[in-house]
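Input: a single structure, listed below in structure tokens.
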2 protein chains.
Amino acid sequence: MVSSEAKSPRERYRAQVRAEIKERAWEQIAAAGASALSLNAIAKRMGMSGPALYRYFSGRDELITELVRDAYRSLADTFGAASQAGADVAALAHALRGWALEDPQRYFLVYGTPVPGYHAPDDITAIASEIMATLLDACAALPSDGPATPFDTHLEGHRDWADGHPAPPAALRRALAFWTRLHGALSLELAGHFTGMGFDPAQLFAAELDDLTGLRSV
Amino acid sequence: MVSSEAKSPRERYRAQVRAEIKERAWEQIAAAGASALSLNAIAKRMGMSGPALYRYFSGRDELITELVRDAYRSLADTFGAASQAGADVAALAHALRGWALEDPQRYFLVYGTPVPGYHAPDDITAIASEIMATLLDACAALPSDGPATPFDTHLEGHRDWADGHPAPPAALRRALAFWTRLHGALSLELAGHFTGMGFDPAQLFAAELDDLTGLRSV
DNA sequence: TAACTTCAGTGATAACCTCTAACCATGGTG
DNA sequence: CACCATGGTTAGAGGTTATCACTGAAGTTA
């Protein structure tokens with residue numbers, strides 16, 4: 001994805017500043033969450049005054065949308081790289097957990113509380129289905145795990161979201177379980193709901209993963 | 001002076017206004033999320049001007065904390081009522097889903113993206129463990145489901161969070177699985193990550209629940 | 001080289017927001 | 001009746017997003 005075309009110096013400058021704005025934005029988000037992101041504060045910290053940022057982003061919303069896009073892209077790339085390296089479902093799970101722990105607020109930007117009425121642009125949902133496709137590949141490679149469930153038959157008739165992926169219903173079912181269960185464990189961990197409870201979140205995650213891959217342990 | 005009964009008319013008026021403030025706050029949160037909650041807008045809608053609200057809440061933070069407290073309380077009561085009525089794990093799960101769908105933003109106030117650095121006051125965490133206790137009761141009543149898992153033995157040595165509850169490790173494990181799995185399915189559903197995917201979130205939830213109660217289906 | 005065009009960054013301004021301070025009216029209580 | 005705690009007001013400090021007209025510098029073209 002390194003497009004190093006010979007652009008005009010102006011364009012390179014512009015790209016550079018845009019990148020630095022996003023850099024500062026991520027710092028702010030990591031420190032105080034996305035809701036506390038302030039264009040003004042970013043500008044001040046970059047040594048320029050407020051309205052200058054509007055040359056680079058049409059407003060706060062566009063900046064945040066861009067950050068969400070980058071977050072999705074980052075996860076898709078992480079999954080893609082793992083898949084390229086021959087990762088199975090378990091390896092994908094660990095990649096996911098590593099990615100989440102690396103920057104919890106980035107995770108929440110993707111999977112956290114949504115703003116009512118907000119709809120992500122199409123290119124972002126495209127990245128989401130890219131992620132899902134990678135997951136489906138891994139789930140299709142899993143050994144079969146018993147007779148079809150009622151939910152399998154439901155999915156059989158509602159598999160539009162798999163977007164033509166040839167995975168059998170059981171794989172679709174397991175991809176969804178992968179997603180929802182690991183998100184459940186991960187988001188509660190990142191949100192701090194386990195702090196002070198004493199047990200090790202990593203072991204809970206591992207147990208859930210074992211269950212998903214057929215080693216029933218939870 | 002806190003003689004429980006007969007309150008002065010002033011105190012009753014005060015309670016009334018506080019309640020209406022929270023009412024409006026919930027409306028705003030449902031419409032645009034907690035981050036868009038504005039004291040000013042609430043005041044205007046109540047026909048009084050801005051600073052008046054500070055007679056009732058020391059600031060935005062206290063109002064939000066109060067709403068979070070009410071949300072926890074509401075869930076604890078829902079669980080408590082179900083439990084009182086003899087609810088098993090499945091009934092608790094349906095109570096949870098009903099409660100969540102009733103007001104998604106209320107759910108996210110409890111289980112959504114946290115603000116870095118924010119720590120809930122003790123009385124709120126107390127309500128959280130009340131909820132957990134109810135869940136543990138139900139899980140302890142579940143029939144045993146096979147040999148102890150590695151995670152069971154980990155929990156055996158880290159069961160402080162159960163707060164003296166006599167449930168066996170397998171019950172602790174299943175309570176955690178109940179919590180994380182249903183939260184995973186529910187939060188993704190409420191956040192709209194399933195919209196447009198075609199399948200029915202209720203069936204996914206039901207499948208996860210069946211799995212939790214021993215009817216392996218996911 | 002000189003003239004022209006494009007564009008980044010500026011300050012001023014409007015419209016919000018939270019929250020403090022000072023002030024006033026009123027209703028319950030001594 | 002007099003008092004004063006209580007709940008409301010306006011004014012204002014300091015923050016935010018965002019728009020506007022303007023300047024000055026950089027890039028482009030004749």
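In the text below, chain A, chain B and the rest are named by the order of the sequence lines, each starting its count at 1. Note that the structure is a prediction, hence the values are computed from the model and not measured.
For B:T113 and A:Y111, the side-chain atoms include no donor-acceptor pair closer than 3.5 Å.
Expressed to the nearest 0.5 Å, how far CG of B:L204 lies from CG of A:L155 amounts to 8.0 Å.
Residue B:I42 contributes atom CD1, which lies 12 Å from atom C1' of C:dT18 at whole-angstrom precision. Protein atom OH of B:Y54 is 11 Å distant from nucleotide atom P of C:dC17, rounded to whole Å. Between the OH atom of B:Y56 and the C1' atom of D:dA5 there is a distance of 13 Å, rounded to whole Å. Note: CZ (A:F57) to P (D:dT19) measures 15 Å, nearest angstrom. Computed from coordinates, the A:Y13 OH to D:dA25 P distance equals 14 Å when rounded to whole Å. For B:I21 and D:dG7, the CD1 to P distance is 11 Å, given to the nearest whole Å. Rounded to a whole Å, the CE atom of A:M46 is 16 Å from the C1' atom of C:dT10. Between the P atom of D:dA18 and the CG atom of A:L39 lies a distance of 6 Å, rounded to the nearest Å.
Listed candidates were D:dT10, D:dG7, C:dG11. Nearest to the side chain of B:S49 is D:dT10. You'll find that the side chain of B:R14 is closest to D:dG7, out of D:dG7, D:dG27, D:dT16. Nearest nucleotide to the A:P51 side chain, out of C:dA8, D:dG8, C:dT10: C:dT10. When each of D:dG8, C:dC19, D:dT17 is scored by its nearest atom to the side-chain atoms of A:N40, the top-ranked nucleotide is D:dT17.
At a threshold of 4.0 Å, the pair B:E11-B:R14 does not count as salt-bridged, since none of the basic side-chain nitrogens sits closer than that to a carboxylate oxygen. Electrostatic pairing of A:R45 and A:E20 does not count as a salt bridge here, judged by no charged N lying under 4.0 Å from a carboxylate O.
Side-chain contact between B:T180 and A:E208 is present, with heavy atoms from C-beta onward closer than 4.5 Å.
Within the structure, a side-chain polar atom (N or O) of B:S38 is placed less than 4.0 Å from OP1 or OP2 of C:dT18.
Mapping B:R60 and B:R55 onto DNA chain C by nearest heavy atom places B:R60 at the nucleotide closer to the 5' end.
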